[in-house]
K.L.:
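Encoded as structure tokens, here's the structure I'll be asking about.
Everything quoted here is computed from the prediction, not taken from an experiment.
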Amino acid sequence: MFTRLETVNILLESLNFLSKERLKTIEFVVLENHAHLILQGDNLSKDIMRFKAHTAKKLLAYLSQNNIRQILEQLAFYKKAHKSDRQYQFWQEWCHPELI
């Protein structure tokens, strides 16, 4: 997923936007199929949920616009059965930041 500059830029743009709202990015690494973030903020759970919702929407739009069917099919296949409000599952559904 994150082997393309366009998809990595979606993540970085979202982090940049949230940094203007009191979320501080300490460090991050983006790998081929996931990212690790070290963040600081007053409400990390809320900020991470916003980050995941925004980036999922943008990344799914990118995949659809560029007709990247193989990844879309995988995201549809691994979608949780109880998630009837969506066609794809991009990120893991839970969000619980770990203090370090």
Side-chain angles (χ1 to χ4, degrees):
M1 181 68 232
F2 300 116
T3 58
R4 297 169 173 87
L5 181 59
E6 297 85 1
T7 56
V8 173
N9 280 338
I10 290 170
L11 292 183
L12 298 180
E13 288 167 4
S14 184
L15 284 174
N16 186 42
F17 174 79
L18 288 173
S19 73
K20 295 174 185 174
E21 297 187 1
R22 299 186 311 240
L23 178 71
K24 183 176 180 182
T25 302
I26 308 296
E27 293 289 337
F28 67 90
V29 61
V30 180
L31 302 167
E32 289 180 357
N33 63 351
H34 68 284
H36 294 276
L37 309 170
I38 300 177
L39 307 169
Q40 180 181 6
D42 295 332
N43 194 345
L44 284 179
S45 291
K46 180 181 175 185
D47 290 332
I48 291 170
M49 286 189 296
R50 289 175 54 210
F51 170 79
K52 288 168 62 173
H54 177 76
T55 55
K57 181 179 175 182
K58 292 284 198 174
L59 290 164
L60 290 170
Y62 172 84
L63 294 171
S64 294
Q65 290 167 358
N66 291 282
N67 201 29
I68 304 173
R69 291 276 148 225
Q70 183 180 8
I71 294 175
L72 286 171
E73 289 169 4
Q74 289 176 341
L75 295 174
F77 179 79
Y78 289 108
K79 179 183 75 79
K80 302 292 182 188
H82 69 277
K83 296 284 187 172
S84 59
D85 62 335
R86 64 194 73 185
Q87 186 176 359
Y88 304 106
Q89 177 83 33
F90 193 87
W91 298 109
Q92 290 178 337
E93 67 181 23
W94 49 267
C95 174
H96 58 278
E98 300 287 335
L99 294 176
I100 58 171

K.L.:
So how far is it from Leu72 CG to Asn67 CG, rounded to the nearest 0.5 Å?
P.N.:
8.0 Å
K.L.:
Would you give the length of the straight line joining atom CD of Gln74 to atom CD1 of Ile71, rounded to the nearest 0.5 angstrom?
P.N.:
7.0 Å
K.L.:
Let's go through Ile68 and Arg4 carefully: what are the C-alpha distance in whole Å and the side-chain angles of both, what is the deciding distance for side chain to side chain contact (heavy atoms under 4.5 Å, CB included) to 0.1 Å, and is it a yes or a no?
P.N.:
CA-CA 12 Å; Ile68 304 173; Arg4 297 169 173 87; 3.8 Å; yes
K.L.:
Less than 4.5 Å apart, side chain to side chain, heavy atoms only: is that true for Leu39 and Phe28?
P.N.:
no
K.L.:
Please tell me if the side chains of Phe2 and Asn33 come closer than 4.5 Å, counting only heavy atoms from C-beta onward.
P.N.:
no
K.L.:
Between Val29 and Glu27, is there a side-chain heavy-atom distance shorter than 4.5 Å?
P.N.:
no
K.L.:
With side chain to side chain contact (heavy atoms under 4.5 Å, CB included) as the criterion, how do Leu12 and Asn16 come out once you've worked through the C-alpha distance, each side chain's angles and the decisive distance to 0.1 Å?
P.N.:
CA-CA 6 Å; Leu12 298 180; Asn16 186 42; over 6 Å; no
K.L.:
Write out all pairs satisfying salt bridge (charged side-chain N to carboxylate O under 4.0 Å, His left out) with one or both partners inside residues 45-56, taking only residues at least two apart or from two chains.
P.N.:
Glu21-Arg50, Asp47-Arg50
K.L.:
Which heavy atom of Ala76 sits nearest a heavy atom of Tyr88, and at what distance?
P.N.:
N-CD2, 3.6 Å
K.L.:
Can you measure from OG1 (Thr25) to CD1 (Ile38) and round to the nearest 0.5 angstrom?
P.N.:
10.5 Å
K.L.:
Any chance you could measure His34, atom NE2, to Gln92, atom CD, to the nearest 0.5 Å?
P.N.:
9.5 Å
K.L.:
Flag the pair Leu44 / Leu23 as yes when at least one side-chain heavy-atom distance between them is below 4.5 Å, and no otherwise.
P.N.:
yes
K.L.:
Are Phe17 and Val30 connected in the hydrophobic side-chain network, where two residues link if heavy atoms are under 4.5 Å apart?
P.N.:
yes
K.L.:
Nearest 0.5 Å please: distance from the OG atom of Ser19 over to the CD atom of Gln40.
P.N.:
12.5 Å
K.L.:
With heavy-atom distances below 4.5 Å as the criterion, would you say the side chains of Leu37 and Leu15 are in contact?
P.N.:
yes
K.L.:
Treat each ILVMFWY residue as a node, draw an edge where side-chain heavy atoms are under 4.5 Å apart, and state whether Tyr78 and Leu63 are in one component.
P.N.:
no
K.L.:
Between Thr3 and Val8, is the side chain to side chain contact (heavy atoms under 4.5 Å, CB included) condition met? List the steps.
P.N.:
CA-CA 8 Å; Thr3 58; Val8 173; over 6 Å; no
K.L.:
Do the side chain of Thr7 and the main chain of Met1 share a donor and acceptor less than 3.5 angstrom apart?
P.N.:
yes
K.L.:
Can you tell me if Asn66 uses its side chain to pair, donor with acceptor, with the backbone of Tyr62 under 3.5 Å?
P.N.:
yes
K.L.:
Could you state the interatomic distance from CG (Leu60) to CD (Gln65), rounded to the nearest 0.5 Å?
P.N.:
11.0 Å
K.L.:
Anything under 30° is parallel, anything over 60° is perpendicular, the rest tilted; go ahead and classify Trp91 against Phe51.
P.N.:
tilted
K.L.:
Counting N and O atoms only, with roles assigned by atom type, does the side chain of Ser14 sit under 3.5 Å from a partner on the main chain of Ile10, one being a donor and the other an acceptor?
P.N.:
no
